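This structure is a prediction, so every number in the text was calculated from the model and none was measured.
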Amino acid sequence: MSRHLSMCFKLVGATMVIICGVYTLSLWIIGQMVFSEKANGSLIHDPDGVVVGSRLIAQPFTKDEYFRPRPSAASYNGAASGATNWGASNYQLRARVAGTLGPIVKYRSGAKAGQLVGPDIEAWFQKDEYQGNPHVVAQWADAHNGLAQAWVKADPSHAAYVDEWSKAHAPAVAEWVKNNPDTPEPVAADLAVIFFDSFSADHPGQFPSAVTHEVDGKTVTAIETVKEGTDIQSNFFDMWRQEHADADLQEVPADMVMASGSGLDPHITLDNALFQLDRVAAQWAKDTSRDPAAIQTEIRSLLEQNASAPGGGLFGAKQVNVLEMNLQLRARYGAPAA
């Protein structure tokens, strides 16, 4: 009996040494010697040798000088890869797509062919009427409570703004608590709908938005009431579209508004990049005080040089890696303006 147990222990020990030790060490050595770059995460370094990302994982870019990646259900978090699994009937999906389209979509035909829809969304919004009823912002918040709450949660300054409002509107907050006894101490997000109802009545045709100013050489951002800007174009494009269903708008590449299955796809299609080219080139031209047409030609050439289709060109549409392209833009034109 002891002899059999001894053999079993020896076999288990040998297996652990081979599988957990020799095999793992062999793979590590081969990976480091033959596939070092891939084995270490396909990391990308800046000219100073600092890691700025991986060519395999998308990351967000918000400055107009840079190309932007596909939307991400995982907030570009490599540890939380996944999709939203939202269906076409889910308003959050509709709102996200509309939010992307508002500032970028253009008319396809008619007297305004090629012009952005954004200014018309702003003009419609300022009239403060939707489907014959006043107070567009209140209607937006009442119809989609989740979007109103998402606005409050999106940034600490938004919540702070609502907190300040609640101090000045104690009776309204008390009435809300009376109608919601299970929440005796509401936080800012809980009060989102009544905040927007009140805001809409006090500021018709306006919306609270983060505005940045230079004060004594420092950049200061505060919430102000505005009647134009990308916040209005994004949040109210869907409502505008419902009242202007006959407007003939340009189609956009699907990957501009739809996330990938992982939420981390580092590539966008060449069509997507070219759709963003006007914005990117115009901003770099402004930063460098150069001719926009010349900048656009240079960046278009870079895109063409860096675009490739999967499988050596055998499968799918041409794509570009967003991080690599943006690093090339930075290397060519310097740091974006503050």
Side-chain angles (χ1 to χ4, degrees), residues 71 86-113 115-155 158-159 161-162 165-166 168-169 172-173 175-176 179-180 188-211 223-252 256-257:
W86 288 340
S89 61
N90 190 313
Y91 190 80
Q92 288 180 291
L93 175 61
R94 184 180 180 90
R96 191 192 71 193
V97 172
T100 302
L101 292 176
I104 64 172
V105 74
K106 300 178 180 179
Y107 290 102
R108 179 164 54 184
S109 61
K112 295 185 177 182
Q115 296 182 29
L116 290 169
V117 171
D120 286 346
I121 299 174
E122 294 169 349
W124 166 86
F125 174 81
Q126 291 162 20
K127 293 178 181 178
D128 199 35
E129 183 176 300
Y130 174 65
Q131 295 184 346
N133 297 311
H135 305 313
V136 169
V137 172
Q139 291 188 65
W140 168 78
D142 292 341
H144 308 292
N145 297 359
L147 298 183
Q149 292 176 337
W151 181 89
V152 176
K153 296 176 181 178
D155 190 275
H158 296 183
Y161 190 79
V162 176
W165 169 88
S166 66
H169 295 78
V173 175
E175 181 66 19
W176 186 93
N179 296 328
N180 298 270
D190 296 325
L191 303 173
V193 175
I194 64 167
F195 159 72
F196 278 113
D197 286 346
S198 172
F199 181 92
S200 187
D202 294 340
H203 306 281
Q206 298 183 72
F207 192 74
S209 183
V211 179
I223 302 298
E224 299 179 8
T225 57
V226 300
K227 60 181 181 179
E228 56 190 21
T230 56
D231 277 356
I232 291 171
Q233 295 170 12
S234 295
N235 287 311
F236 298 97
F237 170 75
D238 186 59
M239 295 174 73
W240 174 89
R241 184 59 169 151
Q242 291 180 44
E243 288 205 338
H244 299 80
D246 58 342
D248 187 24
L249 306 182
Q250 290 182 355
E251 295 182 351
V252 303
M256 287 197 75
V257 294

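Between atom CD1 of residue Ile194 and atom NE2 of residue His169 there is a gap of 9.5 Å, rounded to the nearest 0.5 Å. Atoms CG and NE2, from Leu249 and His244 in turn, are 10.5 Å apart once rounded to the nearest 0.5 Å. Once rounded to the nearest 0.5 Å, the distance linking CG of Asp128 with CD of Gln206 reads 9.5 Å. A distance of 6.0 Å separates CH2 in Trp176 from CG in Leu191, rounded to the nearest 0.5 Å. For the atom pair CG (Leu116) and CD1 (Ile121), the distance works out to 9.5 Å, reported to the nearest 0.5 Å.
Counting all heavy atoms, side chain and backbone alike, Ala159 lies closest to Ala188 at O-CB, 3.7 Å. When all heavy atoms of Pro204 and Ala201 are compared, the pair lying nearest together is CD-O, 3.8 Å. Smallest separation of non-hydrogen atoms from Val226 and Ser209: CG2-CB, 3.5 Å. Here the closest non-hydrogen pair linking Ala189 and Val152 is N-CG1, 3.7 Å.
Residues passing the side chain to side chain contact (heavy atoms under 4.5 Å, CB included) test with Asp197, sequence neighbours excluded: Ala138, Asp142, Val193. Remark: Trp140 engages no residue in a side chain to side chain donor-acceptor pair (under 3.5 Å) (not counting sequence neighbours). With sequence neighbours excluded, the residues satisfying side chain to side chain contact (heavy atoms under 4.5 Å, CB included) with Asp155 are Ser157, His158. Among residues two or more places apart in sequence or in another chain, the side chain to side chain donor-acceptor pair (under 3.5 Å) test is passed with Gln139 by none. Remark: His135 engages no residue in a ring pair (Phe, Tyr, Trp, His ring centres under 6.0 Å) (not counting sequence neighbours). With sequence neighbours excluded, the residues satisfying side chain to side chain donor-acceptor pair (under 3.5 Å) with Glu224 are His213. Among residues two or more places apart in sequence or in another chain, the side chain to side chain contact (heavy atoms under 4.5 Å, CB included) test is passed with Pro208 by Trp151, Tyr161, Phe195, Phe196, Phe199, Ile223. In this structure, the side chain to side chain contact (heavy atoms under 4.5 Å, CB included) partners of Gln115, at least two apart in sequence or on a different chain, are Lys112. Judged as a side chain to side chain donor-acceptor pair (under 3.5 Å), and not counting sequence neighbours, Gln126 has no contacts.
Pairs passing the salt bridge (Lys or Arg N to Asp or Glu O under 4.0 Å) check and including a residue from residues 225-237, sequence neighbours excluded, do not occur. Counting only residues at least two apart or on different chains, the side-chain hydrogen bond (donor to acceptor under 3.5 Å, both in side chains) pairs with a member in residues 92-111 are Arg94-Asp238, Lys106-Asp278, Tyr107-Asp120, Arg108-Asp248, Ser109-Asp248.
Using a 4.5 Å cut-off on side-chain heavy atoms (C-beta onward), Val136 and Trp124 make contact. With contacts defined as side-chain heavy-atom distances shorter than 4.5 Å, the pair Met256/Ile104 qualifies.
Annotation for Gln242: atom CD counts as buried by contact number, over 12 foreign heavy atoms lying within 6.0 Å.
Residues Tyr130 and Phe236 keep their aromatic ring centres 6.0 Å or farther apart.
Distance alone, capped at 3.5 Å, places no donor-acceptor pair between the Arg241 side chain and the Gly102 backbone.
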Checklist line | Full working for side-chain hydrogen bond (donor to acceptor under 3.5 Å, both in side chains) between Glu243 and Gln131 | finding: CA-CA 7 Å; Glu243 288 205 338; Gln131 295 184 346; 5.5 Å; no

Next item on the list: For side chain to side chain contact (heavy atoms under 4.5 Å, CB included), just list the numbers for Met239 and Phe125, CA-CA rounded to whole Å, side-chain angles, deciding distance to a tenth of an Å, and then say yes or no.
Entry: CA-CA 9 Å; Met239 295 174 73; Phe125 174 81; over 6 Å; no

